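Quick notes on the structure that follows.
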Amino acid sequence: MRSYFHADAKGRYDDAALDAGLKSLIATGLVDDVKLARTGGRIVVRLREAKVLDRVVFEGNKKVKDADLTAAVLSKPRAGLRRATVQGDVVRIIQAYHRVGRDDVRVVPEIIDRGNDRVDLVFTITEGKKTPVRAISFVGNHAYGARQLHAVIKTSATHVLSFVTGGNVYDADRVNEDRELLRQYYRSHGYADAEVTNVSVDYDAANSGYNLVFSIEEGGLYKFGAIDVACNVQGLSCDGLRALVPAQQGDVFDESKLDKTSEVLTAELGRLGFPFAQIEPKITRNAPAGLADITIQVEQGRRSYVERIEIHGNTNTRDDVIRREFDIGEGDAYNRTLVDRAERRLRSLNYFKTVKITPRPGSTRDRIVLDVEAVDQATGDFNVSGGYSSTDGLLAEVKIGDRNVLGTGNTAQAKFTYGQFARGATLSFTSPYALGRTTPGLELFARQNMVSNFQAFGSNTYGGALTLGMPVSEQTAMLWRYSLYDQKVVLAPGISPAAASLPVRQAVNAGRQTVSSLGNTITTSTLDNNKFPTSGIRSQLTQDLAGLGGDVRFLRTTGDVRYYRAVNRDLTAMVRAQGGYITGWGGQQAPLLNSFFGGPTMVRGFAPGGFGPRDLTPGSTRDNVGGSMYWATTAELQGNIPGLPQEYGLRASAFVDTGTVFGYRGPMQNAQVANRNVLRSSVGVGMTWASPFGPLTVDYAVPISKAAYDVVQPFRFSAGGF
């Protein structure tokens, strides 16, 4: 105890020295009460030692796990009992319940004496009911309507589907995140001065819930003006840096491009040997002209190093999964831009409820400790669903998986489908960063496409694929794959092989074929929202080369480009172009099953396999026999349904589709194959629901141009990706 009290340089214990010693002793947590007194020339310290905590127990908690509460409180077993800490822990437990939408929680701490100066600390918790959000409104918004802003934030008001869609429970952390999401949305769409000045949270006792009001100051709309890079670092030339700036003069102001500029230039400066250089964009606004001039300042920063990266809050996710999202480590030069990038990466993993990285002083002036708070959330999925698809008939699906298996960051999923016309099972596993920045994966699959009303033949496919994903840039990713699978064409029961179309008959006679192929997919996306985009481009190019072993040889290439642009607050225009080409090589024809079959994924209003080259030989099954080329375009208007809240996730569309499949290259002996390049087109309307079981889409389209032998299907229901 004496070691915590230090005399001054003259050997005296003045009031300042005693006060410092008293604070040091209390800070140890070893004592419960301390009093100082002067008696003559002596200083008497009267103290009561703190009792030792044997156990810290939580009772009555059902909605928040013991592990989460243990991580939240500061009182720990084998530490000293401090009543001030216990009272602080009560507040921390209440805050943990606020994050899951329970404001009616009560926490009562109880200390149970076990003798020998040892105690148990029991927190008795009364959880209370959920506190929902009843209404969300926006004030000061003129450029964007309430519907569009509702789509930006994560919190939603209570409605009839809240029990499945979620998001309607009040969470202060989520509301703060929504505030930042709104600010970022405005500033990435030209409003450089936009701020969410306040979020009013009022409890409505009559409705037993909260009313949220976001107050927004939009400011004016800006475009990028002059853009320059100014270097104030000795020995550094700016000439090579200017070409790396993604923002262009005349573009609509986008703050995210300035963030990307900072990241790109920071990486380049590190490569050039200037790790301490700091990037700071300076914005000079010309409000009357609506221009924002940008000067990228490159300054010599203070030499600071990362002493430690301390991680807490993660009760499931392993520390190394969090650390691998950092481009810097202990001992590296500290750079705020790289820390901000790591924080964005951690949030995008969707493993955590909240992520916050706070730099604090280290052991010396040039050392910085990065405090990483990453609070885990549930990452497992289990879905049982059933329904009807116009393509697959009646179907049932069971899907189970976890995108963060045992906290390793790996993803595993098993999916089983049983339908009237389609059945199958898929097992998949991916391990991000297992090979540096690349993501290896494995997929095993078995699929049966049964004979339907549209085709007299089906298929069986069994096999697997090895994949390797790698980022090319922040917006572009590449996926390599090697696939090995068996495929076989089967006829409908009761159909004589002689009655089948010639290409189908040849495919049946070929029996089981092994396909060994190497392929890749390049995806680039600048979409502002992956679920309901209102601006940006998404493009995908896929190629597969079969013939590295196996029984068949072909080269297959497909491309798909979508462009989105907001027309007004509630309407978004989408233009899509897609196409593909397949050819055999080494003296072989492309297999029937790998050819292209026109249907509703190209031009809505047509049945699966409803258009394209068709065998019209009298007496045959008159099947679609596939083409070697296709193209299709779509022009579509998407918007919210008037009168329905945005939280329902319902959107309507009106569209025009055009396209065709042509280039049949199969056998022609005694077969009458219609192979003309006929334009197919349709107009229609549709509705999409972003349900908790996946997106569901209903379309009604009327063909306005087609061939006489095409098969139409105006109504279409589908469940799958957007």
Side-chain angles (χ1 to χ4, degrees), residues 138-149 151-153 179-198 214-233 236-266 268-269 277-299 336-337 340 344 474-475 525-529 533-537 563-575:
F138 304 90
V139 176
N141 57 305
H142 304 290
Y144 300 105
R147 290 180 180 275
Q148 197 156 349
L149 297 182
V152 175
I153 63 177
R179 185 173 182 171
E180 179 62 16
L181 288 173
L182 287 170
R183 190 192 74 85
Q184 291 177 356
Y185 184 79
Y186 269 96
R187 294 201 172 199
S188 64
H189 287 77
Y191 293 88
D193 298 323
E195 293 289 348
V196 181
T197 57
N198 183 51
F214 291 86
S215 298
I216 301 170
E217 288 185 3
E218 294 181 333
L221 181 66
Y222 288 86
K223 292 185 177 181
F224 283 120
I227 301 175
D228 194 17
V229 179
C231 295
N232 297 318
V233 178
L236 176 64
S237 172
C238 286
D239 295 338
L241 300 179
R242 292 187 177 93
L244 300 177
V245 178
Q248 298 295 322
Q249 186 172 354
D251 290 349
V252 174
F253 179 86
D254 185 348
E255 191 175 64
S256 66
K257 289 186 178 180
L258 299 184
D259 294 336
K260 292 172 185 175
T261 297
S262 298
E263 293 179 3
V264 170
L265 295 188
T266 296
E268 180 66 12
L269 290 169
Q278 301 292 319
I279 308 297
E280 186 175 356
K282 299 286 188 180
I283 305 174
T284 303
R285 296 167 174 81
N286 183 350
L291 295 177
D293 296 332
I294 309 298
T295 301
I296 311 297
Q297 297 277 5
V298 184
E299 303 285 352
R336 183 68 218 184
T337 300
D340 290 342
R344 287 195 297 272
E474 292 292 329
Q475 298 175 340
S525 176
T526 62
L527 300 182
D528 61 339
N529 185 306
T534 60
S535 66
I537 299 175
Y563 171 71
Y564 294 84
R565 185 179 180 88
V567 177
N568 56 34
R569 296 179 180 180
D570 296 317
L571 282 179
T572 300
M574 187 273 285
V575 178

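Fair warning: this is a prediction, and the values are worked out from it, not measured in the lab.
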Taking the side chain as every heavy atom from C-beta outward, state whether [X] and [Y] have any atom pair closer than 4.5 Å.
| X | Y | answer |
| --- | --- | --- |
| Glu195 | Arg187 | yes |
| Asp340 | Asp259 | no |
| Leu149 | Leu182 | yes |
| Val298 | Ile279 | yes |
| Leu244 | Val229 | no |
| Ile153 | Phe138 | yes |

How long is the span from the [atom1] atom in [X] to the [atom2] atom in [Y], to the nearest 0.5 Å?
| X | Y | atom1 | atom2 | result |
| --- | --- | --- | --- | --- |
| Leu236 | Leu269 | CG | CG | 6.0 Å |
| Tyr185 | Thr534 | OH | OG1 | 4.0 Å |
| Asn198 | Phe214 | CG | CZ | 10.0 Å |
| Gln297 | Glu280 | CD | CD | 7.5 Å |
| Thr197 | Arg179 | OG1 | CZ | 7.0 Å |
| Thr261 | Leu241 | OG1 | CG | 11.0 Å |

Write down the atom of [X], the atom of [Y], and the distance for their closest heavy-atom approach.
| X | Y | answer |
| --- | --- | --- |
| Ile227 | Ala247 | CD1-O, 3.5 Å |
| Ser262 | Pro281 | OG-CG, 3.9 Å |
| Lys260 | Pro246 | CB-CG, 4.4 Å |

Name every donor-acceptor pair, under 3.5 Å, that has one atom in a side chain of residues 217-226 and the other anywhere in the protein, sequence neighbours excluded.
{"from": "Glu218", "atom 1": "OE1", "to": "His142", "atom 2": "N", "distance (Å)": "3.1"}
{"from": "Glu218", "atom 1": "OE1", "to": "Ala143", "atom 2": "N", "distance (Å)": "3.1"}
{"from": "Glu218", "atom 1": "OE2", "to": "His142", "atom 2": "N", "distance (Å)": "2.7"}
{"from": "Glu218", "atom 1": "OE2", "to": "Ala143", "atom 2": "N", "distance (Å)": "2.9"}
{"from": "Glu218", "atom 1": "OE2", "to": "Tyr186", "atom 2": "OH", "distance (Å)": "2.6"}
{"from": "Tyr222", "atom 1": "OH", "to": "Asp193", "atom 2": "OD2", "distance (Å)": "3.2"}

Checklist entry - Around Arg565, counting heavy atoms of other residues, nucleotides and ligands shown, do more than 12 lie under 6.0 Å from its CZ? => result no
Checklist outcome for this item: Sorted by chain and residue number, the ring pair (Phe, Tyr, Trp, His ring centres under 6.0 Å) partners of Tyr563 (sequence neighbours excluded) come out as none
Next on the checklist: Looking at Arg183 and Glu255, is any side-chain nitrogen of the basic one under 4.0 Å from a carboxylate oxygen of the acidic one?
Outcome noted: yes
Next on the checklist: Under the rule for side-chain hydrogen bond (donor to acceptor under 3.5 Å, both in side chains), what residues qualify as partners of Ser256, not counting sequence neighbours?
Outcome noted: Asp254
Checklist entry - Stepwise, does the side chain to side chain contact (heavy atoms under 4.5 Å, CB included) test hold for Ile294 with Val245? => result CA-CA 11 Å; Ile294 309 298; Val245 178; over 6 Å; no
Item to check | Pair Phe253-Leu258, side chain to side chain contact (heavy atoms under 4.5 Å, CB included): steps then yes or no | outcome: CA-CA 9 Å; Phe253 179 86; Leu258 299 184; 4.1 Å; yes
Item to check | Test side chain to side chain contact (heavy atoms under 4.5 Å, CB included) applied to Val567 and Thr572, step by step | outcome: CA-CA 5 Å; Val567 177; Thr572 300; over 6 Å; no
